[in-house]
2 protein chains.
Amino acid sequence: MRQRSGEQAGPTIEQVARAAGVSRQTISNALNAPERLRADTLQRVLGVVDDLGYRPNRAARNLRRRESKLVGLRINPADQDRAGSLLDRFLHALVEHSVGAGYHILLFTPRDPDDELAGFDDLLRTTAVDAFVLTDTHRGDPRLHWLGERNAPFVAFGRPWEDGLMHPWVDVDGAVGTGLAVDHLVALGHRRIGLVGWPEDSDVGQDRRRGWLDACVRHGVADPDLRAHCTDRTDEAMLAAGRLLDGSDPPTALVCASDTLAMGVLGALAERGLRAGRDVAVTGFDDSPAAAVVPPGLTSVRQPLEDVAESIVKRLGALLSDEQLPERGELLTPTLVVRGTTDHQRTLGKHPVEEDT
Amino acid sequence: MRQRSGEQAGPTIEQVARAAGVSRQTISNALNAPERLRADTLQRVLGVVDDLGYRPNRAARNLRRRESKLVGLRINPADQDRAGSLLDRFLHALVEHSVGAGYHILLFTPRDPDDELAGFDDLLRTTAVDAFVLTDTHRGDPRLHWLGERNAPFVAFGRPWEDGLMHPWVDVDGAVGTGLAVDHLVALGHRRIGLVGWPEDSDVGQDRRRGWLDACVRHGVADPDLRAHCTDRTDEAMLAAGRLLDGSDPPTALVCASDTLAMGVLGALAERGLRAGRDVAVTGFDDSPAAAVVPPGLTSVRQPLEDVAESIVKRLGALLSDEQLPERGELLTPTLVVRGTTDHQRTLGKHPVEEDT
DNA sequence: AGTAGCAATTTGATCGATCAAATAGCACGC
DNA sequence: GCGTGCTATTTGATCGATCAAATTGCTACT
């Protein structure tokens, strides 16, 4: 019969104490409040701790301290027909920073949509996690209210879109992002810059649309009609982009609210024999894995997910230690990753956009 | 001052016992060994448990039972210039099945490459996790030996490529995958089917190459020279595919060992004015998010990650409860997702592949 | 009626750490 | 010489559950 697990459990604090010739509490202090020990004792104790490879038992510590050092993160099913979520990059950054702050990330997922909140409830009641990180928060998000009512600690990736919400949050400025895309396109000589965006009822979509429009106005090239809206699917984006491209005075560049939409736009271009980056410039949003690999490379707005994660963890730490941070939320600035779909030379060469002056 | 956390901690077993007029242990039994209670007592106790919303405290339970019900999963930095890892889909499936089996997934990440194993050590010593799930195991993987030596329970996503390893594993048959792609291409009329694969020293790459070659032989269309190798990057794949396409008798279809490589191939086609799916058929591997959204849609081999996750969790459960499973490992079969890059009608129409008979 | 044999339930001990309070050690001043 | 006032360290209690053993309650049999 095969032997099983469990053999790697280390020594207990009691055994270490005995080996070092001191008491339990002194071992505990050496690790948790070293300033309480005399220098020589500390050194000796830490030596023994190191020799025996002692690490305090999590369960025991958690029980006594009434904490778990775990942070719950709910993940959604990966949507097919999406350019790939931010999850990958964000998750890695979040784990890295969390571990740096002494926390670990615990994943959970709703069994079915009904018990979306049951997962929170379960983890809180069993003291399995100390706090949550929420992503994709939206107007009227039931999670925000549910957690808020119960005074459960959490930090949201997503600003509070409605009034009266006072939770800590971190978000990325979508308007600045699409603004960067427009700036870049204008610098390349584009004057007719369209938008393929999300439906009007999406706050995030409105944010990105506003950035596009404001920047166009700023550059004196605004045409509010040069836009189409659809949900975040490539097939819909193909149709939406088609409507713009087949118009009487089509855009020479299209700013998209997501990489998924941008991929649909690329499809619409291909259908019409137009070359992305050469005949029509395209920008996406999120810098998803697909953006980097699709030929000729999709220019895209990149969210600073590493900074988002860092800020979230900082806020979590403050929340759980009752510290006050100067700001409840933080709005971070994205950057633009330029690739082939806004190729400078090609676009200028093929498309004399100054012709209408 | 804002109130903080912790207010949602539920009642203790002691309080529930008092409320129900029974002892601690009876509450415990009601939840863990209901057959020990008389039917009427059970019903009454469960009623009280439900009324008070009692859930046993994790830390206390973990301490007594010497388990954590957590499974560690190490995640790697998301590689730029990759079509998007499997992580998204796999992770979700793994979490879902784990929760179904009473486990949660705990993420960790190596701070720096050196302490790749330090993370394991830490989690084991602190009794933070009961077991691990490993992904991307490879020949000579230090993790396999390290965990094996310590008799730490784990299940690998990836078969043992070297002899002498006796750990539980689940994997996907790559050879069958590329074989499916070839079958499909042959059915479309293709006779010159090339391969863009990974370097020779990759076991996974060899597996996928073997599937391509065997299928070609089976169909009597084998040309072992019709292949190129490079690492998993689009830029290298573009060059590699270029060498094949610019040859004297170029392939009409290219099977790729990954979606990343396939995206590079699409780039090479675009450079040459060739249309994917129409002039040259292309297949990828992994059915990454990018495959679904890149125009005209990348035909790709899809790994049954949901089944992989289920099998892994089943094996974890057996491992942790000392049960014996009939098989130590399981090899699952992928499927082919057909999209525009192997468009039937277009390919047949434009490319009379029978011409050389 | 008395009691053996079970079934149902309760009591005491324990998991391994930390908190709070008590004690030991030590220098210093009067 | 002896208490004062520290600092360093130890002791006792506790977190909330489960395991193991003891006890109570019942049924059935002689």
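Chain letters run A, B, ... following the sequence lines, proteins first, then strands; residues in each count from 1. Quantities reported herein were computed from a predicted structural model and do not represent experimental measurements.
Checking A:Thr127, A:Asn62, A:Asp130 one by one against A:Ser68, the side-chain hydrogen bond (donor to acceptor under 3.5 Å, both in side chains) holds for a single residue, A:Asp130.
A side-chain donor-acceptor contact under 3.5 Å links B:Ser321 and B:Glu323.
At a threshold of 4.5 Å between non-hydrogen side-chain atoms, the residues B:Leu123 and B:Leu70 do not count as touching. Within the 4.5 Å cutoff, the side chain of A:Glu306 has heavy atoms near those of the A:Arg89 side chain.
Close to D:dA17, at under 4.0 Å from its OP1 or OP2, lies a side-chain N or O of B:Tyr54. In this model, the phosphate group of C:dT18 is approached by a side-chain N or O of A:Ser28 to a distance below 4.0 Å at OP1 or OP2. In this structure, B:Arg66 reaches the C:dG16 phosphate: one of its side-chain N or O atoms is under 4.0 Å from OP1 or OP2. Dashed line: the shortest gap from a side-chain N or O of A:Asn32 to OP1 or OP2 of C:dT18 is under 4.0 Å.
Summary for the helix from C:dA1-D:dT30 to C:dC30-D:dG1: the axes at its two ends, each from 5 pairs, differ by 70° when rounded to the nearest 10 degrees.
Near DNA chain C, meaning a heavy atom under 4.0 Å from it, residues 39-47 of chain B has B:Thr41 in order of number.
Rounded to whole Å, atom P of C:dG16 lies 8 Å from atom CD of A:Gln15. To the nearest angstrom, P of C:dG16 lies 12 Å from CG of A:Leu63. If you measure from atom CZ of A:Arg125 to atom C1' of D:dA17, you get 17 Å, rounded to the nearest angstrom. Rounded to a whole Å, the CG atom of B:Asn62 is 13 Å from the C1' atom of C:dG16. Atom CD in B:Glu14 sits roughly 10 Å away from atom P in D:dG16 (whole-Å rounding). Atoms CZ (A:Arg65) and P (C:dC15) sit 21 Å apart, rounded to a whole Å. The interatomic distance linking B:Ile13 (CD1) with D:dC19 (C1') rounds to 12 Å, in whole Å. Rounded to whole Å, the distance from CZ on A:Arg36 to P on C:dT18 is 11 Å.
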*Report the C-alpha distance between A:Asp40 and A:Arg44 in whole Å, list the side-chain angles of each, state the deciding distance to 0.1 Å, and finish with yes or no for salt bridge (charged side-chain N to carboxylate O under 4.0 Å, His left out).*
CA-CA 6 Å; A:Asp40 60 331; A:Arg44 185 165 46 90; over 6 Å; no
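Once rounded to the nearest 0.5 Å, the distance linking CZ of B:Arg143 with CG of B:Asp141 reads 4.0 Å.
Using a 4.0 Å heavy-atom distance criterion, A:Ile27 is classed as making no nucleic acid contact.
Between B:Trp146 and B:Phe120, the ring planes lie tilted relative to each other; the angle falls in the 30° to 60° range.
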Protein-nucleic acid N or O pairs under 3.5 Å, nucleotides 11-14 of chain C:
residue	atom	partner	partner atom	Å
C:dG12	N7	B:Arg24	NH2	3.1
C:dG12	O6	B:Arg24	NH2	2.5
C:dA13	N6	B:Arg24	NH2	3.4
C:dT14	O2	B:Arg64	NE	2.8

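Taking each heavy atom of B:Leu331 and B:Trp169 in turn, the nearest pair found is N-CZ3, 4.1 Å.
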